[in-house]
Amino acid sequence: MRILAIETSCDETAIAVVDAKGGLKRPRFKIVANEVASQIKIHRPFGGVVPNLAKREHIKNLPILFKRILKAKGLKLKADIIAVTVGPGLEPALWTGINFAKELAKKYKKPLIGVNHMEGHLYSNWFLPVREIQNSKFKIQNSIKTIVFPAIVLVVSGGHTILLKMDSVTKRKKLGETRDDAAGEAYDKVARLLDLPYPGGPEIEKIAKRGNSEAVQFPRPMLNQKNYDLSFSGLKTAVLYYLRDNPLKAKSLKLKADIAASFQQAAIDVLVAKTMNAAKEYKAKSVMLCGGVAANKALRKELKIQSLKFKADFYAPEFALNTDNAAMIAAAGYVSFLKKKKLRLTAQSNLSL
Ligand code: KG4
Ligand code: ZN
């Protein structure tokens with residue numbers, strides 16, 4: 001089955017074409033085309049995403065990406081279904097994708113499936129290893145994986161931090177989530193405190209490499225609590241207080257790098273400990289990481305080491321599938337289609353997993 005997917009929940013306009021097979025037991029996906037137009041440069045001067053600017057850019061980019069896909073791949077629209085993100089996300093941004101998808105569904109007379117963006121992140125781990133060719137264009141290798149359950153999944157994005165247990169491709173239970181800021185949000189806020197540009201996650205990761213992660217002892221919120229909830233706002237406030245007592249000077253690059261590395265280590269310690277506690281309690285056979293923060297190499301490395309030590313398989317999507325893209329929306333759309341799950345085709349900014 002061929003799926004055309006559209007994603008506009010935040011600041012990436014994305015369209016993908018994905019071939020899916022294997023049913024709900026062992027779904028397999030092959031990326032035919034995957035286009036992402038990032039708006040980072042447009043939002044950067046504002047230090048975060050401006051919803052109406054995002055809307056304007058999505059409206060501009062969607063037809064361009066769609067034409068590019070048709071042209072590059074010589075595809076007539078042979079998709080069997082169209083999938084579109086309906087939430088969670090920024091309402092004006094979500095509507096642009098939904099309206100565009102509705103028009104296409106009408107024009108080509110195809111079924112339209114509403115997709116939960118977070119399910120997109122979740123199923124991004126079902127893609128096979130991809131080979132990056134250039135920017136956002138990549139090719140897929142041949143099949144290898146069968147994911148063994150139960151799996152513990154850590155979803156870490158800009159808006160959400162959720163720990164899940166999956167017993168099959170479609171059966172999942174939420175074990176815990178953040179009580180305040182999401183992990184990505186904490187990265188972005190701390191980056192702002194350090195005068196680093198938006199989005200802060202990759203910037204912190206970059207300078208943290210030059211810093212000493214033991215330079216400052218930041219708190220590890222909720223680390224020792226026997227539950228699977230997380231909290232990041234206290235950690236961010238600890239960075240704020242530290243900077244108030246130790247202000248950055250023009251040349252304090254070393255201090256910046258030490259704070260970034262120490263903050264990152266505190267966040268990773270909590271994320272990895274909570275995930276591994278769940279893996280142990282539920283005797284997980286697999287551990288999965290997904291969402292924008294899954295692009296963080298230090299987090300991937302630490303969670304991989306701990307998972308393998310525990311003899312669980314470790315999965316994290318290829319780099320380009322961590323941050324927002326439409327290929328993952330196609331994968332989640334396939335699962336929803338087979339499950340006959342029907343989400344309303346309206347923007348649902350607070351849709352949960
Ligand atoms: O999943 P995503 O693209 O969008 C949402 O659904 O929210 O995640 C974006 C978040 C941002 O907060 C960004 O700072 C963070 O992912 N991020 C990272 C890295 N790359 C992106 N955080 C830490 N390290 C990274 N390398
Ligand atoms: Zn996302």
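For ligands, and for the atoms within them, numbers begin at 1 and follow the listed sequence. Throughout, numbering of the chain's residues begins at 1 and tracks the sequence.
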Side-chain H-bond candidate by donor/acceptor type, N227 with K274, under 3.5 Å: yes
Aromatic contact, F29 with F127 (centres under 6.0 Å): yes
Nearest neighbour in protein (non-hydrogen) for atom 15 (C) of ligand 1: V293 CG2, 3.9 Å
Sub-3.5 Å N/O-N/O distance, P199 and ligand 1: no
Qualifying residues under side chain to side chain donor-acceptor pair (under 3.5 Å), relative to K55, sequence neighbours excluded: none
Set of side chain to side chain contact (heavy atoms under 4.5 Å, CB included) partners for R210, sequence neighbours left out: I207, A257
S233 and D181 side chains, donor-acceptor separation under 3.5 Å: no
Nitrogen or oxygen of Y187 less than 3.5 angstrom from that of ligand 1: no
Which residue and heavy atom of the protein sit nearest atom 22 (N) of ligand 1, plus the separation: G201 CA, 3.3 Å
Step-by-step ring-ring contact (aromatic ring centres under 6.0 Å, His included) determination, F232 to Y187: CA-CA 9 Å; F232 289 101; Y187 265 94; 8.6 Å; no
Return all side-chain donor-acceptor pairs below 3.5 angstrom for residues 147-162, not counting sequence neighbours, or 'none' if the list is empty.
residue: S157; atom: OG; partner: G159; partner atom: N; Å: 3.3
residue: S157; atom: OG; partner: H160; partner atom: N; Å: 3.1
residue: T161; atom: OG1; partner: A183; partner atom: N; Å: 2.7

Interfacing atoms of ligand 1 (cut-off 4.0 Å, heavy-atom, G159): 7 (O)
Closest approach of any protein heavy atom to atom 26 (N) of ligand 1, naming residue and atom: E205 OE1, 2.7 Å
Metal environment of the Zn ion (ligand 2), protein N/O/S under 2.8 Å: H117 NE2, H121 NE2, D324 OD1
Contact partition for H117 relative to ligand 1, non-hydrogen atoms under 4.0 Å: side chain
G184 neighbourhood, listing ligand 1 atoms whose heavy-atom distance to it stays under 4.0 Å: 12 (O)
Nearest-contact summary for atom 21 (C) of ligand 1 - protein heavy atom, Å: G292 O, 3.4 Å
Protein contact of atom 12 (O) of ligand 1 - nearest heavy atom, named by residue and atom, plus distance: D188 OD2, 2.7 Å
Distance in Å, E203 CD paired with K256 NZ, rounded so as to fall on 0.5 Å steps: 9.5 Å
Sub-4.0 Å heavy-atom approach of C10 to ligand 1: no
Short N or O distance, N296 and ligand 1, threshold 3.5 Å exclusive: yes
N99 side chain to E103 side chain, donor-acceptor N/O pair below 3.5 angstrom: no
Donor-acceptor pair between T85 and H117 side chains, under 3.5 angstrom: no
Student check: side-chain heavy atoms of L112 and K102 closer than 4.5 Å: yes
Worked verdict on Q264 versus N296 for side-chain hydrogen bond (donor to acceptor under 3.5 Å, both in side chains): CA-CA 10 Å; Q264 173 162 280; N296 187 283; 2.9 Å; yes
Check ion pair D188-R192 (N to O, under 4.0 angstrom): no
Distance from atom 7 (O) of ligand 1 to nearest protein heavy atom, with residue and atom: G158 N, 2.8 Å
Shortest protein heavy-atom distance from atom 2 (P) of ligand 1, along with the residue and atom involved: D324 OD1, 3.3 Å
Residue portion contacting ligand 1 (non-hydrogen atoms closer than 4.0 Å) for H121: side chain
